[in-house]
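Read the structure below first, then the notes.
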Amino acid sequence: MKMLINAADTVVSDALEGLAQAHPGIVRVMRNPDYVVRTDAPLQQQVAIISGGGSGHEPMHIGYVGRGMLTAACPGAIFTSPTPDQILAATYASASRAGVLYIIKNYAGDRMNFEIAMETLLLEGVPVASVIVADDVANPMQDLRRGTGATIIVEKVAGAAAEMGASLEECARVARRAERQSRSIGVALSACTVPALARPSFHLGDNEIEIGIGIHGEAGRQRTTIAPVAQIVDQLCSALVDDLDLRAGDRTLALVNGLGATSPIELYIVFYEVARWCAARHIVLARSLVGNYMTSLDMAGCTITLMRLDDELLQLWDAPVCTPALRWGV
Amino acid sequence: MKMLINAADTVVSDALEGLAQAHPGIVRVMRNPDYVVRTDAPLQQQVAIISGGGSGHEPMHIGYVGRGMLTAACPGAIFTSPTPDQILAATYASASRAGVLYIIKNYAGDRMNFEIAMETLLLEGVPVASVIVADDVANPMQDLRRGTGATIIVEKVAGAAAEMGASLEECARVARRAERQSRSIGVALSACTVPALARPSFHLGDNEIEIGIGIHGEAGRQRTTIAPVAQIVDQLCSALVDDLDLRAGDRTLALVNGLGATSPIELYIVFYEVARWCAARHIVLARSLVGNYMTSLDMAGCTITLMRLDDELLQLWDAPVCTPALRWGV
Amino acid sequence: MQITVDHVIRFLERAAALIREHATELTELDTVIGDADHGTNLNRGFSAVVVKLDALQDGDIGTILDVTGKTLLATVGGAAGPLYGTAFRRAGALLAGRHAIEGADIAAALEVALEGIIERGRVQRGEKTMLDAIAPGVETFRSAIAEGKSLEEAARCALAAVEEGMRATIPMQATKGRAAFLGPRSIGHQDPGATSAYYIACAMVGLNVDPPSDQNEAQLS
Amino acid sequence: MQITVDHVIRFLERAAALIREHATELTELDTVIGDADHGTNLNRGFSAVVVKLDALQDGDIGTILDVTGKTLLATVGGAAGPLYGTAFRRAGALLAGRHAIEGADIAAALEVALEGIIERGRVQRGEKTMLDAIAPGVETFRSAIAEGKSLEEAARCALAAVEEGMRATIPMQATKGRAAFLGPRSIGHQDPGATSAYYIACAMVGLNVDPPSDQNEAQLS
Ligand SMILES: Nc1ncnc2c1ncn2[C@@H]1O[C@H](COP(=O)(O)OP(=O)(O)O)[C@@H](O)[C@H]1O
Ligand SMILES: Nc1ncnc2c1ncn2[C@@H]1O[C@H](COP(=O)(O)OP(=O)(O)O)[C@@H](O)[C@H]1O
Ligand SMILES: [Mg+2]
Ligand SMILES: [Mg+2]
Ligand SMILES: [Mg+2]
Ligand SMILES: [Mg+2]
C-alpha cells in the first residue's frame with residue numbers, strides 16, 4: 001500500500017513536526033512525551049480544555065488546538081490512545097488554578113489512560129473533570145458507543161465556554177450537554193491502511209459498502225451494496241434522528257465529515273442529501289460543517305453527525321475560534 | 001468504482017446545491033447557467049474577480065467565493081471548462097463599473113471559453129482584464145504549463161486587492177505578479193475516477209507513483225516507484241526552486257495540497273519535508289497552507305506550490321478572507 | 001442538387017445520433033491522452049441542439065447553423081465547445097438568410113468554419129487536434145466541387161480525407177490541447193477531437209439520400 | 001526454590017523477545033477484531049522496558065516490576081498499556097523491597113495484578129479480553145502452589161490454563177474493548193490481548209532454568 005510517508009514508525013512524529021511548522025503562531029508541538037499546546041498556554045484563570053486520542057484522525061485532535069477550542073491535545077501512536085505521561089505533561093503545560101476538563105472518546109484505552117492521569121491529578125489537588133463522548137449510534141447499546149464526530153463539537157463548545165471565562169463545572173456542563181445532544185454514524189467505501197500493517201484492515205468488494213464503521217479501521221455492523229447517496233443518507237439520518245428523537249422544528253447542526261479518501265465534491269453531495277432529508281421533515285439545519293474534520297487515515301467514506309441546538313449551544317458554536325483546522329470570527 | 005454520488009450526471013448540480021445549503025451566508029448558487037456568487041454582489045466600485053473551470057477540483061473554485069477572494073465562480077461539468085454563457089451570467093451578476101478580472105487556468109478549453117466571454121464584454125463596453133495561470137513546471141515548455149495550485153494564491157491576492165478598492169489594472173497587476181512568482185508540481189499515487197467513465201483514468205501499480213501529473217486525471221510525465229516522502233519532496237522541490245530561481249533568504253509561501261484521497265496526516269508529513277528541505281537551503285517559509293485546496297476527484301497524491309513573497313504579496317495574502325474553504329482575519 | 005433546410009436538420013440529427021452512439025468511444029480516447037470527457041460533453045451539446053431543431057423548421061440555414069453553434073457553445077464547454085461552436089456560428093453567419101445552398105456555398109461555409117477553428121484554437125495542422133481531420137476534409141471538398149464533382153461525390157471524397165486525417169493524428173505528438181501536457185507520451189493515440197470531427201463528417205455524407213439505415217450506421221462505426 | 005532479581009530480569013527480557021517475535025501475529029489478530037496496533041504497541045513498550053532493565057540490576061523485585069509497569073504505561077498507550085501497566089505496578093507494590101520471593105509471593109503478586117486489570121478494565125471473565133487468559137492462569141497457579149506443587153510445575157499448569165483461556169476467547173462475543181463494537185461479528189476470532197498475555201506467561205515458565213534455547217522459543221510460537 002502506497003502512502004506519502006517516510007517510514008511507518010515516523011508517521012506521527014513527522015506529521016507533528018509538520019503541524020508545528022505550518023502553524024507556529026497557533027500551536028507549539030512538544031515531543032517525548034508528545035503533545036500540542038496553544039502558544040499562549042497556560043492561561044491564568046481559564047479552564048484548560050484537553051483532548052487526545054490515537055493519531056490517524058487528523059485534524060482531530062491536534063488541529064483543534066488554539067483560541068476558543070482546545071488548550072492542548074495528546075496524539076497517541078496511530079489508532080492508539082495517548083499515555084498518561086502525555087496527558088499529564090499536556091496538563092501541566094496548560095492548566096491554571098481554574099482546572100482542567102478532559103474530553104475523552106469512549107474507547108477502553110482512551111478512558112483508562114485519561115483515568116490514570118486523573119488519579120494523579122486528584123492526588124495533586126488539581127481540579128479536573130471529564131466528559132466521555134459516545135455518539136456513534138452504530139451500536140444500539142449506549143455504553144458500547146464509540147466517540148466520533150461529536151467530539152469536535154464538544155471540543156468547540158467547551159473551548160468557547162472556557163474562553164469566555166466559564167468555570168470548570170460550567171465547561172463540563174456545556175460539554176456534556178453538547179455530547180448528549182449529538183449523534184453520529186458512518187459509512188465506509190473502503191478500509192484504511194495502518195502504516196505498520198501496510199495493507200487495508202478489511203476488504204470491501206467493488207460494490208460493497210459498510211454501514212456503522214468506526215474510525216479505527218474496524219469493520220462496521222452491516223455490509224450492503226453501494227446505492228445512490230440519497231438512499232444511504234436516508235438510512236444514516238433515520239438512525240440518527242430516531243436515536244436523538246429529533247422532531248419537526250428542532251434546530252440542528254450537521255457535520256458531514258470525510259474519512260480521509262473521499263473527495264470534497266462527494267461530501268457536498270452527501271450534505272445536500274442530508275439537507276434535503278432534514279428539510280422534508282422540517283428539521284432545521286441551522287449550522288453545518290462539510291469536510292475532513294475527523295479522518296481514519298485513508299478510509300473512503302463519511303460520517304454524519306447531527307446535534308440538537310439551543311440558544312446556548314448555538315452561541316458557543318458561533319463563538320470565535322482560531323485553530324489550524326477550524327477558524328472563524330477572529 | 002464506488003462513489004458517494006446519486007448519478008454521474010447529477011454530480012455537479014447536487015454538489016452545488018450542497019454548497020448553497022452549507023454556506024447560505026457567504027454564497028448564492030445560481031443554476032442554468034450555473035455559477036456561484038457572493039451574496040453581496042454586485043459590489044459598486046469594486047472590481048469583480050471571477051474564475052472558473054471544470055468541476056471535480058473542489059473547493060476550487062466555488063469554495064473560494066466570498067469576501068476578500070472571488071466575486072463569482074463558474075463550475076463547468078466534471079473536468080470541463082465552463083461555457084461563455086456561465087461566465088457572462090456570473091459577470092453580469094458581479095460586475096460594477098469598476099470592471100472584471102478573469103483568472104483563467106492555462107487550458108485550451110478554459111482560455112477559449114473565457115476569451116469568447118471577453119469578446120462579448122468588449123463589445124458591450126464592460127472593462128475586462130484577464131490573467132492566465134500557468135504554474136505547473138511538469139512541462140518544461142512555458143506555454144504548455146497547466147494552471148494548478150497557484151490559482152488559489154492568485155485568486156486570494158486579486159480578491160484582497162479588489163476588496164481594498166484597487167483598480168482593475170491594479171488587480172490585474174498583482175494577480176500577474178503572484179502568478180509569475182509561483183510554481184507547482186504534483187505527484188499521484190493513484191488515478192481518479194471520472195463518474196461518467198466509472199473507472200480510474202489510468203493505472204498505477206502497487207509500488208508506482210507518477211510525477212508531474214495534472215489535476216484532470218491525466219497521466220504525468222514520469223513514472224517511478226514509491227520512495228520515502230523526503231526523496232519525493234526533494235525531487236519536487238528541486239524542480240520548483242530551479243524554475244523559480246529561489247535563493248537563500250527568499251521568503252516563500254508553501255502550499256501542500258491534497259488531490260482528494262490523501263489523508264491529512266500524510267499532507268502534514270509532506271509539509272514537514274518541504275519545510276526541512278527549504279530550511280536546509282535557507283529558503284524562508286513565511287506562510288503556508290496544508291490541506292485539500294484543489295483536488296482531482298479521488299486522486300491520491302499531492303501538489304506542492306511555492307511562491308516568492310514580497311511585502312506587497314504578503315500583505316495581500318494576509319488580508320481578511322471569508323469563503324467556504326479559506327477563512328481568516330474576519 | 002440543392003441542400004435545403006430539411007437536409008441541414010437531418011444532418012444535425014444524424015450528427016447527434018452518431019455522437020451519442022460513439023460517446024463512450026470518444027470519452028475512452030480522451031481518457032488516454034485527455035481528461036475523459038469529450039464524448040460526454042459533445043453528447044450533451046448535440047442533444048441540446050436536437051431539442052432546439054424543432055423550433056427551427058421554418059428558419060433559414062444560416063439561423064439553424066448559428067443556433068447550433070450557440071447551443072454547442074452554451075452547453076459543451078471544454079475545448080470542443082468553443083471550437084465547434086465557433087465553426088458552426090461562422091458557417092451560419094455566411095449562410096444567413098439562405099434556404100437552399102449548393103456545393104460552392106457549402107465549400108465556402110466549410111472554409112469559414114475551418115478558419116474559425118484555426119483562429120479560436122490558435123492551431124496549425126500537425127498539432128494533433130481536430131484540425132488535422134477537418135482541414136484535409138475541407139480542402140478535398142473544395143477541390144472536388146471546383147473540379148465539378150457532384151455534391152455527393154465531393155462529400156464522399158472529403159469524408160475519406162477526414163478519416164485519413166483522423167488516423168494521421170495517431171503518430172503525432174500533441175502540441176495543443178490537453179494531450180500536449182503529455183509530451184512524447186501523447187504519441188501513438190488517436191486524437192478524440194479528430195475522431196468526433198470524423199463522425200460529424202459522416203453525418204454530412206449522403207445528405208441528399210434518405211437517412212442512413214442501421215446498416216449504414218453500423219458501417220460508420 | 002527462590003526467584004531472584006536475576007530471574008525477574010530474565011523473565012522480562014524473554015517476555016520482550018517473545019512479544020517482538022510475535023508482534024506481527026498480535027497485530028494481525030487485532031486487525032480482525034480491533035485496530036491493528038496491539039503487537040506494535042506492546043513491542044514498543046517492552047522494548048522500552050528492556051532498555052530500562054540495565055539500570056535496575058541492583059534494584060529489588062518490587063522496583064523492577066514497578067518500573068516495568070510505569071514504562072508500559074508511558075509507552076504502550078491504547079487499552080493494553082494501562083492494563084498491563086497497572087498489573088505490573090500492583091505486583092511491584094506488593095513486592096516492594098524484596099530481593100527474593102517464592103511461590104506464595106508470586107501467587108499473591110499475580111493476584112493483585114489480576115485485581116488491577118479487573119479494576120482498571122472494569123471487566124469480568126467472559127467478555128473476550130486478556131482477562132479470560134490471565135484469570136484462569138492466576139487461579140491455577142495459586143491452587144498449584146497451595147497444593148504444594150513446585151514453582152516450575154505450578155507455572156507449567158498455569159501456562160496451560162492461560163493457553164486454554166486464550167483459545168476459549170475464540171467463540172466469545174466481545175463486550176469490552178474495541179472488539180465489542182463489532183457485536184456478534186467478534187465471534188470466531190481469538191482475542192489479541194489474551195494472546196499477548198499467553199506469550200508473557202510463556203516467558204514466566206522455566207524461570208529457574210537457563211534462558212530458553214532457540215528451539216524452545218520455536219516451540220512457543
Ligand atoms: N487549441 C486547439 N485547437 C484545436 N483543437 C483543439 C485545441 N485544443 C484541443 N483541441 C481539440 O479538442 C479535443 C478535446 O476536446 P474536449 O475533451 O472536449 O476538451 P478538453 O480538452 O477541454 O477536455 C482534442 O482532442 C483536440 O482535438
Ligand atoms: N476493558 C478491558 N478490560 C480488559 N482487557 C481489555 C479491555 N479492553 C481491551 N482489553 C484488551 O486489550 C486488547 C487490545 O489492546 P490494544 O490493541 O493494545 O488496545 P486498543 O483496543 O486500544 O487498540 C484486547 O484484545 C483485550 O484483550
Ligand atoms: Mg488502538
Ligand atoms: Mg475537459
Ligand atoms: Mg477532454
Ligand atoms: Mg488495538
TODO: Go through A:Pro84, A:Pro82, A:Ala196, A:Gly212 and name the one with the most non-hydrogen pairs under 4.5 angstrom from chain D.
DONE: A:Pro84
Open item on the list: Within the structure provided, determine whether A:Ile78 and D:Thr40 are in side-chain contact (heavy-atom separation under 4.5 Å).
Closed with: no
Task: A:Leu88, part contacting chain D, at a heavy-atom distance under 4.5 Å - done: neither
- [ ] Heavy-atom pairs under 4.5 Å with chain D are the metric here; pick the option from A:Arg145, A:Met112, A:Gln86, A:Glu115 that has the most.
- [x] A:Met112
Open item on the list: Any non-hydrogen side-chain atom of D:Val76 less than 4.5 Å from a side-chain atom of A:Thr83?
Closed with: no
Task: Note, D:Ile33 side chain near A:Glu218 side chain (heavy atom, < 4.5 Å) - done: no
- [ ] Go through the atoms of D:Thr75 and report whether side chain, backbone, both or neither lie under 4.5 Å from a heavy atom of chain A.
- [x] backbone
- [ ] Select one option (side chain, backbone, both, neither) describing which atoms of A:Gln222 are under 4.5 Å from chain D's heavy atoms.
- [x] backbone
- [ ] Heavy atoms only, distances under 4.5 angstrom: which of D:Asp30, D:Asp35, D:Thr86, D:Leu83 has the most pairs with chain A? Name it, please.
- [x] D:Asp35
Open item on the list: I want to check something: taking the side chain as every heavy atom from C-beta on, are A:Ile116 and D:Leu73 in contact at a cut-off of under 4.5 Å?
Closed with: yes
Task: Taking every non-hydrogen atom, the tightest pair across A:Thr80 and D:Gly77 - done: CG2-C, 3.6 Å
Task: Under 4.5 Å from a heavy atom of chain D, the part of A:Leu144 involved - done: both
Open item on the list: Ignoring hydrogens, what is the shortest heavy-atom contact between A:Ala108 and D:Gly177? Give both atom names and the distance.
Closed with: CB-CA, 4.1 Å
Task: More than 12 heavy atoms of other groups within 6.0 Å of D:Glu13 CD - done: yes
Open item on the list: Are D:Lys70 and A:Asp85 packed together at the side-chain level, in the sense that at least one heavy-atom pair is separated by less than 4.5 angstrom?
Closed with: no
Open item on the list: Would you say CD of D:Gln124 has more than 12 non-hydrogen atoms from neighbouring residues, nucleotides or ligands within 6.0 angstrom?
Closed with: no
Open item on the list: Quick one, D:Thr31 and A:Leu197 - any side-chain contact, counting heavy atoms below 4.5 Å?
Closed with: yes
- [ ] Identify which part of A:Asn106 has an atom lying under 4.5 Å from any heavy atom of chain D, answering side chain, backbone, both or neither.
- [x] backbone
Task: Side-chain heavy-atom pair A:Arg111, D:Arg120 within 4.5 angstrom cut-off - done: no
Open item on the list: Please check: side-chain N/O of D:Arg185 versus main-chain N/O of A:Gly220, any donor-acceptor pairing under 3.5 Å?
Closed with: yes
Task: Approximate separation, where rounding is to 0.5 Å, of A:Ile213 CD1 and D:Leu182 CG - done: 12.0 Å
- [ ] Pick one of side chain, backbone, both or neither for A:Arg199, based on which atoms fall under 4.5 Å of a heavy atom in chain D.
- [x] side chain
- [ ] Mark yes or no for whether A:Asn113, through its side chain, and D:Gly78, through its backbone, hold a donor-acceptor pair below 3.5 Å.
- [x] yes
Task: Interchain contact, A:Phe79 with chain D, by part (heavy-atom threshold 4.5 Å) - done: both
Open item on the list: Is there a side-chain contact between D:Arg178 and A:Arg146 in this structure, where contact means two heavy atoms from C-beta onward sitting under 4.5 Å apart?
Closed with: no
Open item on the list: If I measure from the heavy atoms of chain D, does A:Pro33 come under 4.5 Å with its side chain, its backbone, both, or neither?
Closed with: neither
